[in-house]
Amino acid sequence: MSTPADIDRELLKSRLDEVEARIGAACERAGRERAEVTLIAVSKTHPIEAIEALAELGVSDFGESYVQEWQEKAGELEDSVRWHFIGGLQSNKARFVAGEVALIHSVDRKSLVKALARRTDEPVDVLLQVNISGEDSKGGVEPEALNDFYASVVARQELRVRGVMGMAPYAEDPEDARPYFRRLRELYEGLVAYAQHHAPQRAGELREISMGMSGDFEVAIEEGATLIRVGSALFGERNYDA
Ligand SMILES: *Cc1c(COP(=O)(O)O)cnc(C)c1O
């Protein structure tokens, strides 16, 4: 990230066109409007110049997973993009992110909620991450615990729960992700019903389902995703050594 990167704008544009075509086709299959789905370009490990190039091509939302990397990029880009924090968040770093990004996708435990709530000048918009894959490595609350966890979060005025986030297990065939995404949508619908009963004045804040990555975002759109998190299909492969 220290030396200005050589960005192939034509290549970025062709990848974005391709992703947009896939999003459009998936929306059409699902009978949904394109405007119902927000593309989040996941820029972790990729240089600022690539973010700027995609922003110039009309991408407004970017996702990062590591606090320090995000801080460096956000410092340079200032307010020109809308940031999503999508990675696992340590409670001791919560204060750097709360109030500074548009949405935190990875809230999954009370200690993190407490840390985020210390930043109280404005409500912090969050998604509750749900462990739909059953893999320990992925983070997220257990599906059975989602409604109770939600109740503990909305008990605080400092956080605004905008919806849920989840990840399907890695698979070659995107169809394999469908039952996981369907499950997350059902959990979301169950949560909305729960909220209408238990926190009716807060239920309207729920509106987002963040699911789908480069390999499976079309299936996610068909299953109701409102936010898709797409990295390598836009930026190319990640190089963690760069
Ligand atoms: C890196 C990452 C993505 C993007 O993954 P791609 O397969 O490159 O699209 C999406 N969501 C999360 C949580 C990630 O960490």
Side-chain angles (χ1 to χ4, degrees), residues 1 11-12 14-23 26 37-47 50-51 53-54 59-71 73-74 81-90 93-94 97 101-109 112 125-141 162-178 180-181 184 188 208-242:
M1 267 180 50
L11 182 57
L12 274 175
S14 71
R15 290 204 198 101
L16 177 60
D17 289 347
E18 169 81 27
V19 166
E20 275 297 338
R22 289 169 59 190
I23 294 171
V37 179
T38 297
L39 170 64
I40 300 171
V42 177
S43 47
K44 63 179 185 240
T45 78
H46 297 292
I51 298 174
L54 273 188
V59 177
S60 52
D61 290 72
F62 291 83
E64 288 281 337
S65 295
Y66 307 102
V67 172
Q68 192 184 340
E69 180 182 352
W70 164 73
Q71 282 180 313
K73 290 174 174 172
V81 307
R82 199 154 50 228
W83 292 108
H84 297 252
F85 194 84
I86 64 171
L89 184 55
Q90 290 171 271
K93 297 201 173 143
V97 179
V101 300
L103 188 60
I104 302 171
H105 291 228
S106 50
V107 171
D108 65 353
R109 57 192 193 282
L112 178 57
D125 282 324
V126 302
L127 302 180
L128 306 185
Q129 184 175 350
V130 188
N131 186 356
I132 46 172
S133 75
E135 295 163 292
D136 290 343
S137 58
K138 291 249 164 76
V141 293
R162 311 311 312 234
V164 296
M165 182 272 236
M167 273 181 270
Y170 176 78
E172 287 288 321
D173 182 355
E175 276 303 319
D176 292 351
R178 193 178 297 277
Y180 296 94
F181 293 152
L184 187 59
Y188 170 79
E208 309 288 357
I209 305 176
S210 170
M211 60 185 184
M213 311 184 2
S214 290
D216 55 23
F217 68 80
E218 290 142 294
V219 174
I221 290 170
E222 289 169 15
E223 295 299 330
T226 64
L227 301 168
I228 57 172
R229 309 179 309 268
V230 179
S232 44
L234 290 169
F235 290 102
E237 290 307 315
R238 282 183 286 280
N239 178 1
Y240 284 94
D241 308 322

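We're numbering straight along the sequence, starting at 1. Counting starts at 1 for both ligands and their atoms, following the listed order. Side chains included, hydrogens not; waters and symmetry mates left out as well; all remaining heavy atoms used. In this text, all values refer to a predicted model and were calculated from it rather than measured experimentally.
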- Query: If every non-hydrogen atom of Tyr188 is compared with every non-hydrogen atom of Ile209, which pair is closest and at what distance?
  - Reply: CD2-CD1, 3.5 Å

- Item | Pairs involving residues 165-177, ordered by first then second residue, that meet salt bridge (charged side-chain N to carboxylate O under 4.0 Å, His left out) (sequence neighbours left out) | Glu175-Arg178

- Mind checking what makes ring pair (Phe, Tyr, Trp, His ring centres under 6.0 Å) contact with Phe181, not counting sequence neighbours? none

- Task: Using salt bridge (Lys or Arg N to Asp or Glu O under 4.0 Å) as the criterion, list what pairs up with Glu18, not counting sequence neighbours.
- Result: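 Glu18 satisfies salt bridge (Lys or Arg N to Asp or Glu O under 4.0 Å) with no residue once adjacent residues are dropped.
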
- Would you say the side-chain atoms of Ser65 pair up with the backbone N or O of Ile86, donor to acceptor, closer than 3.5 Å?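 Checking the backbone N and O of Ile86 against the side chain of Ser65, no donor-acceptor pair under 3.5 Å is found.
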
- Query: Parallel, tilted or perpendicular: which fits the ring planes of Phe235 and Phe62, with parallel below 30° and perpendicular above 60°?
  - Reply: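 Tilted.
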
- List by chain and number: which residues place a heavy atom under 4.0 Å from ligand 1?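 Contacting ligand 1 under 4.0 Å are Val42, Lys44, Ser65, Ile86, Met167, Met213, Ser214, Arg229, Val230, Gly231, Ser232, Arg238.
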
